[in-house]
Amino acid sequence: MASEYHVGPGDVLSITVYDNDDLATKVRVSTAGTIVMPLIGQVEVQSLTVNAITDKITDLLSDGYLVSPQVNVFVEEFRSKKAVILGSVRSPGLVELSGPTSFLELVSKAGGLEKDAGDTATIQRKNSSKENPIIIVDLQALIEKGDLTHNMAIQDGDTVFVSKGGMCFITGQVEKPGTYTCGDDTTVLKLVALAGGFTGKASRSGINLVRIVDNQKKVYKKIDLYTQLKDSDVVVVPESFF
């Protein structure tokens, strides 16, 4: 919620006081974390939430200026909080956080995930403890299973890295032969599904797997659909002649 956002330098606040139009002001938070408010002058707002700033200004105005002032504070421009997102996203780089921002919102601001994105992302906190310097985000649980417990809140100064997944190639009798991301839990069946499924001519019991083992090409014949795949595997789906 915007009311939970912690204000910082560069943010622009719009402040109004009910029935006191002369006190309405729009002000940018200074590098020192202060604003200047009519009647009461300089006010320290660094790292305060919108609700806390509202209460603070209300208290200051109540101290000899107005009776029961009704103050409203709105963050008109968010400029103080930033995060960096790198790795397998379409537009990596520095992102301004427009208020409270979740991991998925940050990914969206970076143009979304690339096709080769892996199963995990990491968040490195600017002021993280030595005991927990890195936060792991399970992308598969978040995106494929809808587990929003992995949709972490992004903080000012976070560096987010979206890993690149392993890539597997599938050819032969599938609708869309090509290269696809294959994580630790990718099976032959899942790769076939990513490739649009079998064609009507596919030999489902005659699938071959080509894998590099100790720098040598090895061919596994008639593999099971539930065979786990590894990075750089090639799956060959032959045509059935029966």
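When reading the values below, keep in mind they use all heavy atoms of this one structure, side chains included, and skip hydrogens, waters and symmetry mates. What you see is a predicted model, and the numbers here were worked out from it, not measured in a lab.
- Between Thr186 and Gln228, the closest side-chain pair of non-hydrogen atoms is not below 4.5 Å.
- Taken to the nearest 0.5 Å, the NE2 atom of His150 stands 11.5 Å off from the CD1 atom of Ile136.
- Legend: residues meeting salt bridge (charged side-chain N to carboxylate O under 4.0 Å, His left out) with Asp158, ordered by chain and number and at least two apart, are Arg125.
- For the pair Gly172 and Pro177, the tightest heavy-atom approach, listed with the atom from each and the gap, is O-CG, 3.9 Å.
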Step by step, work out the side chain to side chain contact (heavy atoms under 4.5 Å, CB included) result for Ile123 and Thr159. CA-CA 6 Å; Ile123 302 173; Thr159 297; over 6 Å; no
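- The closest donor-acceptor contact from the side chain of Asn20 to the backbone of Tyr18 lies under 3.5 Å.
- A pairwise comparison of heavy atoms in Pro9 and Ser30 identifies CB-O, 3.4 Å as the closest pair.
- No donor-acceptor pair under 3.5 Å is formed between the side chain of Asp119 and the backbone N or O of Leu139.
- Geometrically, Lys190 does not engage Tyr226 in a cation-pi contact, judged by NZ or CZ lying under 6.0 Å from the ring centre and within 45° of the ring axis.
- Both Leu194 and Ile170 are members of a single hydrophobic cluster when ILVMFWY side chains are connected at heavy-atom separations under 4.5 Å.
- Residues Thr199 and Gln173 bring a donor and an acceptor atom of their side chains to less than 3.5 Å of each other.
- A continuous path of hydrophobic side-chain contacts links Val162 to Ile143 [ILVMFWY only; heavy atoms under 4.5 Å].
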Would Leu48 and Val7 count as a side chain to side chain contact (heavy atoms under 4.5 Å, CB included) if you check the C-alpha gap in whole Å, the side-chain angles of each, and the deciding distance to 0.1 Å? CA-CA 6 Å; Leu48 295 181; Val7 167; 5.7 Å; no
Is there a side chain to side chain donor-acceptor pair (under 3.5 Å) between Asp185 and Gln140 once you walk through the steps? CA-CA 10 Å; Asp185 68 336; Gln140 185 180 35; 2.4 Å; yes
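- Note on Arg211 versus Asp233: salt bridge recorded, some NZ/NE/NH1/NH2 to OD/OE distance being below 4.0 Å.
- Interatomic distance, Met167 CE to Ser232 OG, rounded to the nearest 0.5 Å: 9.5 Å.
- Contact annotation: the side chain of Leu191 approaches that of Leu229 to within less than 4.5 Å [non-hydrogen atoms, C-beta and beyond].
- Using a 4.5 Å heavy-atom cutoff, the side chains of Val95 and Lys82 are not in contact.
- Checked by atom type and distance alone, the side chain of Asn151 never pairs as donor or acceptor with a backbone atom of Ser102 at under 3.5 Å.
- Rounding to the nearest 0.5 Å gives a distance of 10.5 Å between CG of Asp55 and OG of Ser62.
- Note: the hydrophobic cluster containing Leu66 does not contain Val36 (ILVMFWY, side chain heavy atoms under 4.5 Å, direct or indirect links).
- Between Val29 and Thr34 the shortest side-chain heavy-atom distance does not fall below 4.5 Å.
- Thr227 places no side-chain N or O within 3.5 Å of a backbone atom of Ile223 that could act as its donor or acceptor partner.
- Going from atom OG1 of Thr31 over to atom CD of Gln46 covers 9.5 Å, rounded to the nearest 0.5 Å.
- Without hydrogens or angle criteria, Asp11 side chain to Gly8 main chain gives a donor-acceptor distance under 3.5 Å.
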Given the rule in the side chain to side chain contact (heavy atoms under 4.5 Å, CB included) test, do Phe78 and Leu97 qualify, once you have shown the distances and angles that lead to the verdict? CA-CA 7 Å; Phe78 297 90; Leu97 306 180; over 6 Å; no
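- A donor-acceptor contact closer than 3.5 angstrom is absent between the side chains of Thr101 and Tyr5.
- At least one side-chain heavy atom of Leu148 sits under 4.5 Å from a side-chain heavy atom of Leu142.
- The nearest pair of heavy atoms linking Ser14 to Glu76 is CB-OE1, 3.7 Å.
- Side-chain heavy atoms closer than 4.5 Å link hydrophobic residues (I, L, V, M, F, W, Y) into clusters, and following such links, possibly through other members, connects Val84 to Phe161.
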Give the C-alpha distance, both sets of side-chain angles, the deciding distance and a yes or no for side chain to side chain contact (heavy atoms under 4.5 Å, CB included) between Ile15 and Met37. CA-CA 9 Å; Ile15 305 170; Met37 178 77 186; 3.7 Å; yes
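- One finds the CD1 atom of Ile154 at 7.5 Å from the CD1 atom of Ile85 (value rounded to the nearest 0.5 Å).
- Counting only heavy atoms from C-beta outward, the side chains of Leu61 and Ile40 approach each other to under 4.5 Å.
- Thr58 contributes atom OG1, which lies 12.5 Å from atom CG of Asp63 (distance to the nearest 0.5 angstrom).
- Ion pairing of Glu114 with Lys164 is absent here, as no side-chain N (NZ or NE/NH1/NH2) approaches a carboxylate O to less than 4.0 Å.
- Remark: the backbone N or O of Cys168 is not paired with any side-chain donor or acceptor of Lys230 at under 3.5 angstrom.
- By the 4.5 Å heavy-atom criterion applied to side chains, Lys217 and Ile212 are counted as neighbours.
- Cluster annotation: Leu39 is connected to Ile53 through the hydrophobic network of ILVMFWY side chains, with a link wherever side-chain heavy atoms come within less than 4.5 Å.
- Shortest non-hydrogen contact noted between Ser80 and Asp156 is O-OD1, 3.9 Å.
- The main-chain N or O of Leu104 is never found under 3.5 Å from a side-chain atom of Ser108 such that the two would form a donor-acceptor pair.
- A side-chain donor-acceptor contact under 3.5 Å links Arg90 to the backbone of Gly111.
- Side chains of Thr49 and Asn51: a donor-acceptor N/O pair is absent below 3.5 angstrom, by distance only.
- Of all the heavy atoms in Met152 and Val137, the pair that sits closest is CG-CG2, 4.0 Å.
- At least one side-chain heavy atom of Tyr220 sits less than 4.5 Å from a side-chain heavy atom of Val213.
- Using a cutoff of 4.0 Å between basic side-chain nitrogens and carboxylate oxygens, Arg204 and Glu239 are not scored as salt-bridged.
- Minimum heavy-atom separation, Asp116 to Thr181: CA-OG1, 3.2 Å.
- By the 4.0 Å N-to-carboxylate-O rule, Lys81 lies too far from Glu96 to be salt-bridged with it.
- At distances below 3.5 Å, not a single donor-acceptor pair connects side-chain atoms of Asp214 with backbone N or O atoms of Gln216.
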